[in-house]
Amino acid sequence: MKVSNFPIFTQKDVPSEAEVISHQLMIKAGMIRKLSSGQYTWLPIGLKIIKKIENVIRKALNHIGCVEILMPSVQPSELWKESGRWDQYGPELLRFKDRHDRDFCLGPTFEEVITDLIRKDVSSYKQLPLNLFQISSKFRDEIRPRFGVMRAREFIMKDAYSFHESQESLDSTYELYKSAYTNIFQELMLDFTIVDADSGNIGGNESNEFHVIAETGEDDLLLDNNLNGMNFEIAKLKYKENDIQSIIKDTGMVHKKGIEVGHIFKLGQKYSESMKAKITNKDSKIINMFMGCYGIGITRIVAAAIEQNNDEKGISWPKPLCPFDAVIIEIDGDKNIEIRKHSEDVYNSMLKNQLDIIYDDRKVSLGNKFKDWELIGLNNIIIIGKNESINKTVTYKNRKNETKEEMSIENMVNVVRG
RNA sequence: CGGGGUGUAGCGCAGCUUGGUAGCGCGGCUGGUUUGGGACCAGUAGGUCGUAGGUUCGAAUCCUAUCACCCCGACCA
């Protein structure tokens with residue numbers, strides 16, 4: 001991609017409402033813009049990072065036999081009334097009527113819709129277990145959206161659902177998701193932990209949360225030395241104590257703040273019972289299916305990753321999240337045809353090597369280009385100016401360790417590949 | 001919903017107390033000089049002062065209502 005075709009929207013100042021570093025940097029780096037409270041437009045750079053995360057998740061879920069579908073975001077109230085949540089779910093559920101005066105809501109989660117889907121198409125244990133996921137926008141009318149996309153009203157979430165003939169099957173699938181999630185967050189190079197959790201509004205009987213450890217996290221975690229533990233809600237129940245300090249004193253655990261990026265639940269038969277999702281089992285008996293559900297907050301991961309990966313220059317992406325493999329910073333290409341030609345050559349040979357490159361062909365000064373790409377967080381910076389065009393080389397600069405070296409195109413390609 | 005705060009150019013802000021010509025920095029555009037780390041000079045565009053009503057000869061400024069946004073709290077995959 002060339003910047004002339006791939007607009008970047010960096011800016012120096014940041015609106016005073018952006019409190020946390022990830023929110024500030026996402027605005028400065030031109031990843032998001034606010035539409036209204038808790039609602040954000042994703043600009044090209046930001047969307048690219050979302051796609052990276054999505055693909056890591058897709059790969060890991062496909063690996064455990066989970067297949068992608070896509071469900072409508074506007075859901076009829078009938079299903080929610082059937083499950084009982086139309087009355088339970090409070091004002092977080094955004095409700096409205098269509099032209100026929102029929103009640104609908106914007107989907108905050110999809111247990112009802114998928115249970116309806118499966119009960120219509122699955123009738124035998126022979127069709128189970130079954131694992132489906134989707135990646136889509138969810139809407140929750142949060143009391144107080146904050147911290148940019150960290151707690152937004154509209155956000156992108158991966159939600160997966162599993163269906164089983166028995167508790168044992170659910171149990172073993174639950175463990176599969178747990179390990180798949182562990183792989184996903186490891187691959188994204190996030191510093192995270194898994195804690196015991198409360199199943200909240202979703203229902204069910206067992207649940208784990210995946211938290212990115214960060215000062216700006218909204219959740220309180222109580223962890224042992226190996227960073228295993230539970231969230232505060234569970235700790236209060238378990239130790240019959242409402243004060244964090246007292247729990248720490250009694251148990252020797254440490255208190256950390258976490259950003260909840262994943263949550264897995266064993267739903268059991270809660271929804272299959274209320275919504276009559278039945279199958280015939282091996283013994284020719286009609287039973288309610290067992291279900292699990294498994295969420296990952298994709299847009300929240302973007303913010304969480306930035307909370308963990310930033311410095312005075314801006315964002316410093318871990319490799320799997322980095323929006324481009326490298327940037328070509330051209331000096332005076334608009335004035336010197338030789339420089340322009342050499343840049344094009346380097347760009348084309350990198351494309352041939354399957355590298356995802358952004359070529360900054362703007363007519364702005366070197367310093368501006370550096371500042372922009374260091375802010376956006378690319379680690380591999382390729383400089384091409386007069387010297388390089390004469391020598392038929394490039395100068396490679398590494399954002400993290402500040403090294404700078406003139407080298408051949410072949411060497412540079414190998415370095416960028418890492 | 002309770003408490004607090006803010007709405008003035010794309011962004012950051014001043015002006016409001018004490019009513020009288022709409023300002024500054026950054027950013028944008030044009031021209032020139034620059035150019036290996038956010039350059040400089042000159043010029044220029046851009047504002048129903050959130051909205052509606054009221055007081056007044058006159059309102060960004062005072063009064064009332066309303067909307068939006070932010071912070072603290074309660075709530076929450």
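Here is how names work: the chains are called A, B, and so on, in the same order as the sequence lines, proteins then strands, and each is numbered from 1.
- Across all strands shown, B:A42 forms a Watson-Crick or G-U wobble pair, both distances under 3.5 Å, with B:U30.
- A:Tyr181 and A:Phe185 have perpendicular rings, their planes meeting at more than 60° on a 0 to 90° scale where under 30° would count as parallel.
- Each of A:Val261 and A:Lys28 has a nearest nucleotide on RNA chain B; the 5'-most of these lies closest to A:Lys28.
- With salt bridges taken as basic N to acidic carboxylate O contacts below 4.0 Å, none links A:Lys270 and A:Glu111.
- Looking at heavy-atom distances under 4.0 Å, A:Tyr294 makes no contact with the nucleic acid at all.
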For nucleotides 22-26 of chain B, print each protein N/O atom paired with a nucleotide N/O atom at under 3.5 Å, atom names and distance only.
from  : atom 1 : to      : atom 2 : distance (Å)
B:G25 : N2     : A:Asp13 : OD2    : 3.4

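- Atom CG in A:Asp191 sits 13.0 Å away from atom NE2 in A:His211 (nearest 0.5 Å).
- Remark: B:C11 base-pairs with B:G25. Criterion, Watson-Crick or G-U wobble with two distances under 3.5 Å.
- B:G27 and B:A45: their C1' atoms are spaced 13 Å apart (whole Å).
- Not a single donor-acceptor contact under 3.5 angstrom links the side-chain atoms of A:Glu374 to the base of B:G38.
- Among the atoms of the strands shown, none is found under 4.0 Å from any heavy atom of A:Gly295.
- Atoms CD1 and CD, from A:Ile135 and A:Glu54 in turn, are 4.5 Å apart once rounded to the nearest 0.5 Å.
- Remark: B:G2 base-pairs with B:C72. Criterion, Watson-Crick or G-U wobble with two distances under 3.5 Å.
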Show me the side-chain donor-acceptor pairs of residues 322-331 of chain A shorter than 3.5 Å, one per line, residues at least two apart or across chains.
from     : atom 1 : to       : atom 2 : distance (Å)
A:Asp325 : OD2    : A:Asp356 : N      : 2.7
A:Glu330 : OE1    : A:Arg340 : NE     : 3.4
A:Glu330 : OE1    : A:Arg340 : NH2    : 2.8
A:Glu330 : OE2    : A:Arg340 : NE     : 2.9
A:Glu330 : OE2    : A:Ser343 : OG     : 3.2
A:Glu330 : OE2    : A:Tyr359 : OH     : 2.5

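- For RNA chain B, none of the residues of residues 309-330 of chain A falls under the heavy-atom distance limit of 4.0 Å.
- The pair A:Asp372-A:Arg362 counts as a salt bridge, with a side-chain nitrogen and a carboxylate oxygen less than 4.0 angstrom apart.
- Of all nucleotides present, none satisfies the Watson-Crick or G-U wobble test against B:U61 with each distance under 3.5 Å.
- Taking atom P in both B:C24 and B:C63, the straight-line distance is 28 Å, to the nearest Å.
- Contact annotation: A:Arg144 side-chain N/O to B:C76 OP1/OP2 distance is not under 4.0 Å.
- Distance noted for atom C1' between B:G53 and B:C67: 14 Å (whole Å).
- Judged by distance alone, with hydrogens and angles left aside, A:Arg151 brings a side-chain donor or acceptor within reach of the base of B:C76, the pair sitting under 3.5 Å.
- Residue contacts for A:Val14: at a heavy-atom cut-off of 4.0 Å it reaches the sugar-phosphate backbone alone, with no base atom in range.
- Nucleotides of RNA chain B nearest to A:Gln11 and A:Met150 differ in position, and the one nearer the 5' end is that of A:Gln11.
- A:Lys386 comes within 4.0 angstrom of a nucleotide base, judged by non-hydrogen atoms across all strands.
- Separation of the C1' atoms belonging to B:G46 and B:G28 is 9 Å when rounded to the nearest angstrom.
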